[in-house]
Amino acid sequence: MREEAQRRKVIESLRIAGTRGDSDFRNLAEMAAISCDMPVGAITVVDDNQRWFFAAFGTEVFATPRLGSLCARVIESDAPLVIEDLEDDDEAHLDNLIAADGEFRSFAAVPIVYRAGVRLGTLMVLDREVRDITESHISFLQRLAQAAVHAFRFQETMLSQQEYVLDLHTKNAEIERKRAELERIQVDINAAAEIAELGFWSFDLKNGKGDISPSLQSILELDRKQLRGDLRPLLGGDDPEQFQDMIQRAVEGRGAGCEINLTFSTKSGEGKWLRAIARAEASPGGGKRVRGCMLDVTETVRNRNHISRLVTLDALTGIQNRRFLPLAFAKQKREIDFAEQKIVFMLVDLDHFKAVNDTRGHDVGDEVLVKVCSILKSALREGDILGRLGGDEFLLVLKGDRESDVGAMVAARLADQVSKTPMLQQFSTPISLSIGYTDVTESSMDFADAIKQADLAVYEAKRSGRDCAKPYTASLSEQVTDRDQLLKQVDIALRRCEFVPAYQSKICMQTGRIIGFEALARWSHPARGLLTPGAFWEAIETQQYATRISYDILRQVIVDLQRFKKAGLEMGRVSVNITESQLIDDSFTDQVIELLTEAELTPEALEMEVTEKVLLNQRSDAIQRNLKRLSNNKFCIAFDDFGTGYASLTHLRDFEIDQIKIDQSFVQTLASDTATQAITSSVITMARKLDLRVVAEGIETLEVAELLQEMGCDYGQGYLYSRPILAEDVPAYVARVEQELEAGPFLMTAKAAIA
């Protein structure tokens with residue numbers, strides 16, 4: 001009850017009962033919503049019977065009953081209240097606002113603690129979707145709630161000072177009679193004003209002469225000589241016209257305009273913000289006199305600006321962040337004439353940034369982002385927008401003539417600057433840009449639609465080999481539709497177990513014997529027959545589907561190996577491709593061992609193939625840990641597509657690897673390219689020194705096979721030996737190879753057959 005009485009007293013002293021707050025409070029409510037990425041934010045005040053929305057963003061509701069409201073629960077303690085799904089809260093339906101809307105699903109609020117023991121109300125946010133509300137969100141809300149407290153306290157101070165000025169007006173006669181006493185009291189007032197950074201002034205409207213209190217003189221850094229003449233130029237700050245307008249309103253008795261914010265450039269070079277109040281009165285000589293006070297709110301403004309920067313700016317680059325960009329875009333749309341102009345929405349994605357970040361560290365990665373940001377800034381003109389969406393993605397929103405190709409011109413200039421920047425070209429695979437852009441020619445297009453189109457264009461640039469720019473076209477949306485349709489079909493195929501392994505043999509280059517197989521994914525489509533990965537490549541590029549397909553192939557391989565073993569057929573090691581998701585999963589090794597144990601097989605039956613793309617995952621610590629775990633359990637680890645990346649030698653040193661597979665792009669040009677021969681020979685020699693076995697992929701001719709044999713390559717794989725075959729064809733193939741080997745090693749018999 002004592003707290004209720006204290007809260008009632010504060011509400012009365014602030015004169016806010018049943019009112020709406022000014023723009024400062026509305027800005028705080030808006031910043032709360034934006035910082036939590038929610039549509040509704042509000043500052044609520046709770047009195048005996050109701051909760052009213054003193055400042056609101058995203059809702060027009062003014063007041064609701066206190067009884068049953070979530071805010072009433074919040075002010076019962078100093079702790080935040082977070083409800084990520086309102087349907088899980090037994091009492092949420094009692095809140096009149098929640099019950100009336102019927103669609104709100106997430107709620108978070110922190111108490112506004114005016115002073116110890118007095119919780120005035122709440123700073124709250126709402127969403128119509130279930131949200132993951134983090135500690136970072138709550139921390140932002142608490143800081144904004146503290147800013148609201150400062151704003152309320154400032155309001156209380158200003159009310160107090162207004163009353164003081166009015167008292168001066170009504171008690172002027174008494175003040176004159178007690179001048180001596182006032183002079184004594186004035187010393188205390190000046191000291192108090194100096195502490196509170198509050199100053200007073202008055203002047204005659206006719207000549208501008210008057211008085212400035214010592215505290216205001218100190219705040220404005222004025223000397224006594226400046227006070228001898230007209231005071232009005234000193235009190236107008238950087239906007240004399242605004243100050244003069246306030247004085248005119250005071251003279252006319254229009255109180256609503258007699259309170260303004262002014263900026264001052266002081267002698268020391270420090271900028272200051274002051275809140276000014278003015279009241280006019282008749283002077284003893286029959287003229288008019290104006291009295292007023294000024295409160296130094298510099299620290300409050302700086303704190304508010306700092307909070308605004310935290311909410312709207314990217315901490316690393318200092319440009320706009322993702323939260324603020326939709327607002328900036330909406331403002332830009334209002335300022336252009338779409339009959340003659342357009343907006344170019346340009347997404348910029350850094351090629352190979354992830355590799356730099358992983359191999360050179362985050363400090364170097366941050367330097368790259370800052371350098372690219374400076375290049376992007378150089379492309380901006382007045383009215384253009386630059387922001388960072390997150391990671392290595394940037395957004396430029398450019399204004400241009402409707403008929404000009406602004407996107408292509410800016411993209412070409414940016415790519416040229418990046419290619420000529422040594423800091424970005426020093427890496428083994430230099431940084432380049434994949435750019436997608438779309439023209440916004442109608443004011444009806446919103447931020448989400450524009451960014452979706454530009455994102456499709458970036459995806460097309462990536463598909464086209466990177467280091468290029470692509471405009472959005474309607475066909476890209478059609479491709480997305482086709483991709484979505486494909487993923488739906490793949491999902492159905494996975495449920496029907498339509499993905500099967502096709503086995504391609506690996507041959508010992510010296511003896512011609514089968515030493516194992518690689519299990520390649522095939523889609524046994526009910527209408528189109530057996531499809532290679534090219535038909536469902538977009539599903540493989542999606543980590544979720546790639547992992548599901550990989551597990552299906554792995555399980556089927558183990559079933560086939562069990563069946564072959566019971567039939568007395570030796571397959572050697574069968575290699576399977578594993579995905580990023582599998583390799584960062586600490587339970588993966590145990591899952592595979594469990595499947596093998598159920599099939600009465602050992603880890604020596606399988607070989608795990610890992611591409612460099614997988615090894616470049618940001619969670620390299622987990623990958624190293626799980627590769628070691630696989631190796632310790634006797635699984636063979638093969639490094640697939642060796643030679644196509646840029647950090648292969650580093651990976652041979654840092655990861656548990658038993659075998660490297662020379663990519664077919666090297667193998668297929670081996671016979672005609674001496675440089676390729678030199679590289680391949682060096683790789684094989686290096687592998688021998690590191691005690692690694694080498695498999696050459698894509699062998700299609702006897703000439704290439706003979707070259708690899710001479711270089712000392714261990715194993716070969718390709719159409720020369722066998723195309724991928726289904727499980728039912730494996731026994732016959734193995735038997736045929738064994739029969740042919742009775743005539744001699746493969747290369748010798750093949751050459752004899754040609755001769």
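Every heavy atom of this structure was used, including side-chain atoms; hydrogens, water molecules and symmetry mates were not. Only a predicted model underlies this, so the values are computations on that prediction, with no experimental measurement involved.
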Worksheet item: Who are the ring pair (Phe, Tyr, Trp, His ring centres under 6.0 Å) partners of F345, not counting sequence neighbours?
Response: F329, F447

Worksheet item: What residues, two or more places apart in sequence or in another chain, satisfy side-chain hydrogen bond (donor to acceptor under 3.5 Å, both in side chains) together with Q582?
Response: S550, T579

Fill in: Check against side-chain contact (heavy atoms from CB on, under 4.5 Å), N626 and D585
CA-CA 8 Å; N626 289 321; D585 182 358; 5.7 Å; no

Fill in: Salt-bridge contact D351-K462 (side-chain N to carboxylate O under 4.0 Å)
yes

Practice prompt. Please identify each residue that fulfils side chain to side chain contact (heavy atoms under 4.5 Å, CB included) with A17, with sequence neighbours left out.
Written response: I11, W52

Discussion item. Under the rule for side-chain hydrogen bond (donor to acceptor under 3.5 Å, both in side chains), what residues qualify as partners of D90, not counting sequence neighbours?
Written reply: none

Side-chain donor-acceptor pairs under 3.5 Å in residues 106-114, sequence neighbours left out?
from, atom 1, to, atom 2, distance (Å)
S106, OG, E84, O, 2.6
S106, OG, E129, O, 2.8
S106, OG, R131, N, 2.7
Y114, OH, E156, OE1, 2.7

Worksheet item: With sequence neighbours excluded, what pairs up with F152 under the ring pair (Phe, Tyr, Trp, His ring centres under 6.0 Å) test?
Response: F25, F54

Worksheet entry | Contacts of K377 that satisfy salt bridge (Lys or Arg N to Asp or Glu O under 4.0 Å) - sequence neighbours left out | none

Item to complete: For Y472, check side-chain hydrogen bond (donor to acceptor under 3.5 Å, both in side chains) against everything at least two apart and list the hits.
Response: S477

Worksheet item: Is D78 salt-bridged to R119, cutoff N-O under 4.0 Å?
Response: yes

Item to complete: Using the test side-chain hydrogen bond (donor to acceptor under 3.5 Å, both in side chains), find all partners of T59 that sit at least two apart in sequence or belong to another chain.
Response: none

Worksheet item: Looking at E4 and R66, does any basic side-chain N land under 4.0 Å from a carboxylate oxygen?
Response: yes

Worksheet item: Less than 4.0 Å between a side-chain N and a carboxylate O, is that true for R8 and E12?
Response: no

Response to the item:
Sorted by chain and number, sequence neighbours left out, side chain to side chain contact (heavy atoms under 4.5 Å, CB included) with A33 holds for F57

Item to complete: Tell me, please, which residues at least two apart from V406 pass side chain to side chain contact (heavy atoms under 4.5 Å, CB included).
Response: V344, R381, L398, S404, V410

Worksheet entry | Chi angles and distances behind the salt bridge (charged side-chain N to carboxylate O under 4.0 Å, His left out) call for E3, R7 | CA-CA 6 Å; E3 182 179 336; R7 178 166 51 253; 3.5 Å; yes

Practice prompt. Just jot down the side chain to side chain contact (heavy atoms under 4.5 Å, CB included) partners of D89, sequence neighbours excluded, or say none.
Written response: R73, I83, E91, A92

